[in-house]
Every structure is written in C-alpha cells, then in structure tokens.
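Excluded from the calculations below are hydrogen atoms, water molecules and symmetry mates; all remaining heavy atoms, backbone and side chain alike, are included. All ligand and atom numbering here is 1-based and tracks the order in the structure.
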Amino acid sequence: MEPAASTPIVLEPTGSALEEAPAKACPRRALKEHDLPGLVAAFEAQGVAAFRARQVYRWLYAKSAASLEEMTDLSRTFREVLSREWDLHVLRTCHSEISRDGTQKWLFGLRDGSLIETVLIPEARRNTVCLSTQVGCPMACSFCLTGTEGFVRNLSFGEIMDQICQVRIARPDVRLSNVVLMGMGEPLLNYGAVVRAIRVMNDPEGFNFSSRRITLSTVGVLPRLERLLEDVNVSIAISLHAASDEIRSRLVPLNRKYPIRKLIEVCRALPLPARRRITFEYTLIDGINDSLEEADRVAQLLRGIPSKVNLIPMNENPGIPYRPPPEDRVAAFQARLRAQGVHAVRRATRGGDISAACGQLKGRR
Ligand code: SAH
C-alpha cells in the first residue's frame, strides 16, 4: 500500500535556497553566523583588526568554546565589547536523550522558535554527528517521517555549525571523527549555507575534518549535485532505494523530475578524487523494493561506478504503513548484490528506541 503524501511536493528549489538564510527574528548578531571572511568584514567595519577575527574564529569552531570567558587570549575589554554586541550561540538545547546503544539525540530550539534534531552516533572506531540542514523537508519521501511532516525553512550557516559545537560542548568525552549531513532536510536545497558550512568543517583552522569524513546525503537534486564537487570537497551519498523508476517515484517523489537514468549519468560524471566511492543508500521496505530482481537491476545500474551500497532495513514510523522485510530477505538481497560484485554492507540501525534512527527525526518533543 502506498501512503498518500500529506504535504505538497516542492520539486523546484527556490532561488533563495542559494542565498544565506536571514536571521531576521533576532535582535543581536551571532558570532557563529560567520565564517572567517565574514568575521573579518564584520570586525573591520567596527575598526577591529583582522587578526582578532582569526582568534575568534578558532575559538568558535576549532575549540568550540562554551562561553566568551573561555577566550582567554582576547583582552577583557574586547570580550566585553563582544558580549555587549554579539551572541555566541545560535542554538538552545531543549531536550536530549540517550539510547540504550549509546546514540544521543538533541532537540535544539532556533531563535525563531523552530525545532531541529541532531544525533551523535558513537561507535568503536568512529564517532559520527548527524546534522540537520532544514527545518522539516520538502522532499516528501513516503517512508520518511521528516518528509511527511512538511517543510518550514532552510537552516542558516550558524544553525548548521552550532549543531557540531553544541554536541562537542555537551560531550567533551567524545572525540568527533565524522560528520554526516543526513538529519532533517535535503542539504542540496540549502546549497549556499551547506557549502559554506562544509568549508569550515574542512578547514584546518576550523573543525578540521578530512573530506573523507564529511558525507552529504541527497535524494539527487541534479543541478546542484553536478556542481557540488567543484565548490567543495566532500563525500557523497545518494538515496537510491530502487533501480526502477516506477518504484523509486513512489518512494522519492523527486524521481519524477530527475529519473534514475539521469541521476546515474550525473553520478558517473562526478569528478571523484582517487579511491573515493559514492555511497548509495538503499532502505529496504517489505514487498516494495526488496525483490531479487530489483537487486539485479541495482547491480546492473551501478556497474562501473566506484560505489558502495548501504542497506538499511526500514525504520518504522507511526502513521507510515511500510515495514522492514524479514531478516532472511535482507540477507538474500545483500547476497544477491555481492554475488554480482557490488560492495553491499548493512548499516546497523542505531538509536531506534529514542526515535533517532534514519527517517525518524521530526523536530518535536
Ligand atoms: N534528504 C537527504 C538527507 C536525509 S538522509 C536524503 O534523503 O538523502 C536520511 C537517509 O535515511 C536517506 O537515505 C533516507 O532516504 C533514509 N531514510 C528515510 N526514512 C527512513 C526510514 N524510515 N528508514 C530507513 N531509512 C530512512
């Protein structure tokens, strides 16, 4: 059965998606709305030397300072000027929960009252933070809770950056090693802010994550995907979920605009760095996209693309009538892909007991 999409489908990103989201509602400026050039310009306009901007920049991101008082290499007078005119943080922690498996989820309040969720996934060999890029999501994928709850707005640069800072401040015991743009929203519909954020994540004087360890996940907004690797160095994950248009269009409405053939053409042409692969995410849904014939079509489709397939048995959501397939069907699907040379791995579901798993974020308490 196919659930009716409860929200209008916005297929065409608006022009404003490329611009910075304005932080209209807030009376005071926020330091974390700025990258280094932005801080230099803002400080210079107030007659403050550029080297001060560089100092503050390191405190904001590299050191993720919790307060202005921590910024001890700034003079007391300058810190006072900063505290009079600027806010340090843009997010307010409303709620946080820890799963039995150690996954932690935060509900953050934005300055206009909107809510977003961010997830920390600690593992033996890496600690990943999963960031939101929009309040809600306009893509309306039929199996995803975020997508069925509608779209409010793009996050600003600072609202993306501060998710990392707040997680680091709350969990000094955890060293973050990976960032995934896989939370609420479609990152390529918030292109300007997302690209600037990735640059600071990548910057040795910013968060200093290697580009292998920053992954942007997209349903495939092709005009943006085509130019992404010219603008920024990042790993790419594509939400594939089916190899036939008929099935994919039911799951991912954007497929009607950018069908699989075009998506794969763009993937083949991406200027990937040496030894880098594209990840294809495949959420397995009982009776919908889990047949062995579909596995054969996936193998055929990906032939010749440096790729890896992440199989995710669907996480169930209230009000969404899809289910994960039985365990033996998941195993059979994976085996069928592997038999044809596809590097297919199963992604363990994390944080399901606190609704922090893929497709379960809703930005409400
Ligand atoms: N909009 C982007 C970023 C969200 S990433 C994108 O779609 O790629 C979240 C990943 O989780 C996507 O691959 C999405 O399709 C998948 N997902 C959504 N709902 C899910 C669910 N209920 N179970 C498992 N995976 C789901």
Side-chain angles (χ1 to χ4, degrees), residues 3 5 7 9-11 13 17 105 116-119 121 128-151 154-155 160 163 178-191 194 197-198 214-222 224-225 228 234-242 247-255 258 263 267 278-286 288-290 308-325 330 345-352 355-363:
T7 44
I9 300 159
V10 181
L11 294 181
K105 181 171 86 167
I116 55 164
E117 293 185 313
T118 304
V119 180
I121 308 143
T128 304
V129 63
C130 176
L131 306 181
S132 293
T133 56
Q134 297 183 314
V135 182
C137 182
M139 293 288 88
C141 298
S142 56
F143 53 102
C144 176
L145 193 61
T146 309
T148 56
E149 298 230 326
F151 172 66
N154 277 336
L155 295 189
I160 299 172
Q163 294 175 62
N178 293 60
V179 180
V180 294
L181 297 153
M182 295 191 186
M184 296 166 64
E186 167 48 53
L188 293 187
L189 292 183
N190 187 7
Y191 195 83
V194 162
I198 292 173
I214 308 171
T215 303
L216 180 149
S217 175
T218 177
V219 290
V221 184
L222 297 189
R224 305 270 165 88
L225 182 59
L228 181 65
V234 69
S235 302
I236 291 174
I238 304 285
S239 291
L240 186 63
H241 309 316
I247 302 176
R248 190 166 190 266
S249 293
R250 287 171 68 185
L251 301 175
V252 181
L254 190 72
N255 192 68
Y258 301 124
L263 171 64
C267 288
I278 302 174
T279 300
F280 288 89
E281 294 155 290
Y282 199 102
T283 298
L284 281 160
I285 306 175
D286 191 24
I288 303 284
N289 63 357
D290 57 345
K308 152 180 154 185
V309 173
N310 261 351
L311 296 172
I312 318 158
M314 189 201 155
N315 300 304
E316 293 188 49
N317 283 312
I320 296 179
Y322 293 140
R323 303 277 163 270
V330 175
V345 296
R346 271 188 68 167
R347 198 151 80 183
T349 283
R350 300 284 307 260
S355 294
C358 298
Q360 296 187 320
L361 303 182
K362 64 179 189 302

Nearest option to atom 25 (N) of ligand 1, as decided by whichever heavy atom of N310, I238, T283 sits closest: T283

What protein heavy atom is closest to atom 19 (N) of ligand 1, reported as residue, atom name and distance in Å? G359 CA, 3.0 Å

Give the atoms of ligand 1, by number and element, whose distance to some non-hydrogen atom of C144 is under 4.0 Å. 18 (C), 19 (N)

Starting from atom 22 (N) of ligand 1, find the nearest protein heavy-atom neighbour and note its residue, name and distance. N315 O, 2.9 Å

Do the side chain of T146 and the main chain of L361 share a donor and acceptor less than 3.5 angstrom apart? yes

Are the side chain of N190 and the backbone N or O of L155 linked by a donor-acceptor pair below 3.5 Å? yes

Ranked by distance from atom 5 (S) of ligand 1, the top protein heavy atom is M182 O, 3.4 Å

Any side-chain to backbone donor/acceptor pair from D290 onto L284? Under 3.5 Å, distance only. no

Within the structure, is a non-hydrogen atom of E186 found at a distance of less than 4.0 Å from ligand 1? yes

Sub-4.0 Å heavy-atom contact, C137 with ligand 1: no

Got a donor-acceptor contact below 3.5 angstrom from the K362 side chain to the L145 backbone? no

Would you please say whether a donor-acceptor pair under 3.5 Å links the side chains of T133 and E186? no

What's the shortest heavy-atom distance between Y258 and R248, and which atoms? O-NH1, 4.1 Å

Which distance, rounded to the nearest 0.5 Å, do you find between the OH of Y191 and the CZ of R224? 8.0 Å

For atom 12 (C) of ligand 1, what is the closest protein heavy atom, and at what distance to 0.1 Å? S239 OG, 3.2 Å

Check: S132 side chain, M184 main-chain N or O, donor-acceptor pair, under 3.5 Å: yes

Any idea which protein heavy atom is nearest atom 2 (C) of ligand 1, and the distance to it? S217 O, 3.3 Å

So is H241 close enough to ligand 1, meaning a heavy atom under 4.0 angstrom away? yes

Heavy-atom nearest neighbour in the protein, as seen from atom 11 (O) of ligand 1, with distance rounded to 0.1 Å: C358 CB, 3.4 Å

Can you list the ligand 1 atoms lying under 4.0 Å from a non-hydrogen atom of G183? 4 (C)

For F143, is at least one N or O under 3.5 Å away from an N or O on ligand 1? yes

Are any of the N/O atoms on T218, whether in the backbone or the side chain, positioned under 3.5 angstrom from an N/O atom of ligand 1? yes

Quiz question: by atom type and distance under 3.5 Å, do the side chains of N178 and T128 form a donor-acceptor pair? no

For Y282, what residues pass the ring pair (Phe, Tyr, Trp, His ring centres under 6.0 Å) criterion, not counting sequence neighbours? F333

Here the atoms of ligand 1 under 4.0 Å from any heavy atom belonging to N317 are 22 (N)

Would you please determine whether G185 falls within less than 4.0 Å of ligand 1 on a heavy-atom basis? yes

Region of E281 engaging ligand 1 - heavy atom pairs below 4.0 Å: side chain

Partner set under side chain to side chain contact (heavy atoms under 4.5 Å, CB included) for T349, not counting sequence neighbours: N315, A357

